[in-house]
Amino acid sequence: MAGRDPKISILIPIFNVEKYLRECIDSVVGQTLKDIEIICINDGSTDGSLDIIKEYAAADGRIRIIDKENSGYGDSMNQALKAAAGEFVGIVESDDYAEPEMFEELYAAAKKHDVPVVKSGFYQYFTKKSGGAENKRFPFFEPDEANSIINTQKDCRIFMKQPTIWSAIYRKSFLDGNDISFLPTPGASYQDAGFNFKVFVSTDRAYFLDKAFLHYRMDNEGSSVNSKAKQLCICDEYREIERFLRERGVLDQFAQVEQWVKYAGYRWNWERLAPDLVEGFIRVASEEYRNAQTAGWIDFSRFDGNDIQDLEMLLSEPGRLAERIIAVKKALVSVIVPVYNTGKYLRKCMESLLSQTLGEIEIVCVNDVSTDGSLDILREYQNTDPRVRVFNHAENGGLSCARNTGINVSHALYIQYCDSDDWFEPEMCKTMYDAISGSGADIAVCGANVIYEANKEMKASDDNYYRVKFGGVVEIRNEHILNTDVNSWDKIYRRSILEDNDIRFPPGLYYEDAYFYHAYMCVSKTACYLEGAKLYNYVRRSGSIMAKTFGKTQKAADHTVIMIHFYLFLRERNLFGKYKDLFAHLFLEYLEISKRYTPDEDLPHLYAMVRVFLKENGDAISHFDARIAPAIAARIPKQKKLAGLRGALGRIYKRFNLSYRRDRYMIVKLEAMERKIDTLAEQVARLADEAGDQ
């Protein structure tokens, strides 16, 4: 039985969640902080939820039940807030669950720092189709920013964070004193946005923990966040925020922040709405933002460039914005086009995509800070076809970053790539879409035509490399992985596989296709090969990354770095045992490529990197096959004593260098340190000679 004044009142709103409810209540009953009360609010459930909470209440006197007719989330929470007797209030949604120490640690932080709000990170919880579950940690702040008190009235980043009201506790007297409650409109959703905003404009002290406790379920189809019919509920929520600010006389202080946060909420809403609801919502949003602009509440400097273009369209051409959103929603395939200074080729690329026989596509163009007018060309196409979306990087991040941005902002269930100096045959998208969707395969592969502006001497080997060597649907084996080209652009992928396995292109590296391809194939089961179908046109030109491969370049070492990343991918997913032979073959092959094309003066760096890799992973690799590590070691020269000293000094420096710790396998050119190491090595050698040490 909880005391009359428990430390925390934990509120659990409940509506038809019998599938998840026991896991939720078990996690709350099992909290290490025992001085709590648990208020279960049954909002007119029609399944077995009420019987479940009655069963728990009979066994634990800390549980109180509010049983009422269905009136919505906001009213349920307000009734629970009025009934709460705790010093603090916490919330656990009935389809989520909490780690045992959650409320003990949040309460300890609140008392230690004397703050009305303590907030932590959380886990995004997914149930995998293949079985089991996955938790992805989602920090509220980065580690170097957390574990501190933040002035929430001055630090506007707070308001752009996800309104995770259930990963926090709130002092009850603070909520009561500021009249902070939920919008009680029946049938409404997204009341967490308003509650969160009210909290942070009402205090200048909140503590943020660099820990995560709450497991937030992302795959509950019954959750209100997944309802695509409630297109205007979010508008009600922001009107409530404006009312709250106006009554407290702080609307002028927070109006620009509120409109900034509101835009993010509205954008999220229109991206999730069913196509037939988009136009009505955009019309309402446009009117609201035109009024806000007249009132001087829009500060464009708060928005990034990609948001500004849509905001301007929302203000001046809402119909065109709605048309673009609807086109994206109807897309069956997302074609991602990374662009960097390819204005010479770009129009041919774009025309080939716009003339695809499959019209239901979105064309996601990611401009990586081009300086040759490529962005102007992309904007031109964006203004004439609603299927074209243009995203502009603020800083040049390279091909991998551009492709990753494309994955993150695209929407269709299937993804293709087209480099901006290449082009598709007209039937490319339809043929590839029909192949993967019709066969149920995880990936489909076609052939490519090679157009030579450089390296024409490679035609014979290219003809074999880009030839599709299999036919139809196959169960993927090592022979298929090894005898298929690694390029990203002659294939079509399932978004679900990319997301479920967190597959992205490795930033900052050349030959990123090799990592992406091998990672994807190793988590896939079947592939559909379109034998004889050459649907992609690849321009081999001077200055391209591939052309640079065949000259002496420091970046040749990236072939080996890619394989180290691939090893880590397999190890983290417990796949190394299955693919150890494939890994050994690939690592030795890519290491030879690195050796062949790395300048002689840079070879010691390559060898040192491989030695570090073997030292740190050799035992784990040998657990599966004792032959692999020695085979790799045999491909690099043995280290001499003097070279060993130099290498050791270099590794000591790198181990304590911050950028190296972030990615110890990245090859960092440390010229200044090398000169110091060379000088020290010479001094050691001279001393050795003087001592007669041979």
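None of these values were measured; they are calculated from a predicted model.
- Lys534 is linked by a side-chain hydrogen bond (donor to acceptor under 3.5 Å, both in side chains) to nothing, counting only residues two or more places apart in sequence or in another chain.
- Checked by atom type, the side-chain pair Gln356/Glu427 shows no donor-acceptor distance below 3.5 Å.
- In this pair, Phe122 and Tyr216 present their aromatic rings perpendicular. The plane angle is above 60°, beyond the 30 to 60° band.
- Tyr266 has its ring centre less than 6.0 Å from the ring centre of Phe281.
- Residues Phe566 and Tyr515 keep their aromatic ring centres 6.0 Å or farther apart.
- Relative to the six-membered ring of Phe505, Arg403 meets both conditions, a distance below 6.0 Å and an angle of at most 45° to the axis.
- Residue pairs meeting the salt bridge (Lys or Arg N to Asp or Glu O under 4.0 Å) criterion with at least one partner in residues 343-352, sequence neighbours excluded, are Arg347-Glu380.
- Under the 4.5 Å side-chain criterion, counting only non-hydrogen atoms from C-beta, Val278 is in contact with Lys329.
- Put simply, the side chain of Ser374 never gets that close to the backbone of Ser370: no donor and acceptor are under 3.5 Å apart.
- With sequence neighbours excluded, the residues forming a side-chain contact (heavy atoms from CB on, under 4.5 Å) with Val369 are His393, Asn396, listed by chain and number.
- A centroid separation of less than 6.0 Å is found between the aromatic rings of Tyr520 and Tyr493.
- Considering all non-hydrogen atoms of both residues, Asp419 and Tyr536 come closest at N-OH, 3.1 Å.
- Partners of Ser400 according to the side-chain hydrogen bond (donor to acceptor under 3.5 Å, both in side chains) rule, which considers only residues two or more places apart in sequence or in another chain, do not exist here.
- Contact detail for Ile451 and Asn449: the closest heavy-atom pair is CD1-O, 3.8 Å.
- Distance alone, capped at 3.5 Å, places no donor-acceptor pair between the Asp558 side chain and the Val561 backbone.
- Salt-bridge check for Arg137 with Asp210: passed, with a basic side-chain N closer than 4.0 Å to an acidic carboxylate O.
- With sequence neighbours excluded, the residues that form a side-chain hydrogen bond (donor to acceptor under 3.5 Å, both in side chains) with Arg387 are Asp385.
- A side chain to side chain contact (heavy atoms under 4.5 Å, CB included) with Lys154 is found for exactly one of Ile150, Ile158, Asn151, namely Asn151.
- Taking the ring axis of Tyr289 as reference, the NZ or CZ atom of Lys262 stays within 45° of it and closer than 6.0 Å to the ring centre.
- Residues Lys136 and Glu499 are not paired through a salt bridge, judged by the lack of any N-O separation under 4.0 Å between the basic side chain and the carboxylate.
- Side-chain contact between Asn537 and Glu425 is present, with at least one heavy-atom pair separated by less than 4.5 Å.
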Exercise. For Phe424 and Ser355, what are the C-alpha separation, side-chain angles and deciding distance, and is it a side chain to side chain contact (heavy atoms under 4.5 Å, CB included)?
Worked result: CA-CA 9 Å; Phe424 280 4; Ser355 62; over 6 Å; no
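- When the side-chain hydrogen bond (donor to acceptor under 3.5 Å, both in side chains) test is applied to Thr431, no partner is found at least two apart in sequence or on another chain.
- In terms of modelled atom types and a separation under 3.5 Å, the side chain of Thr553 and the main chain of Lys555 share a donor-acceptor contact.
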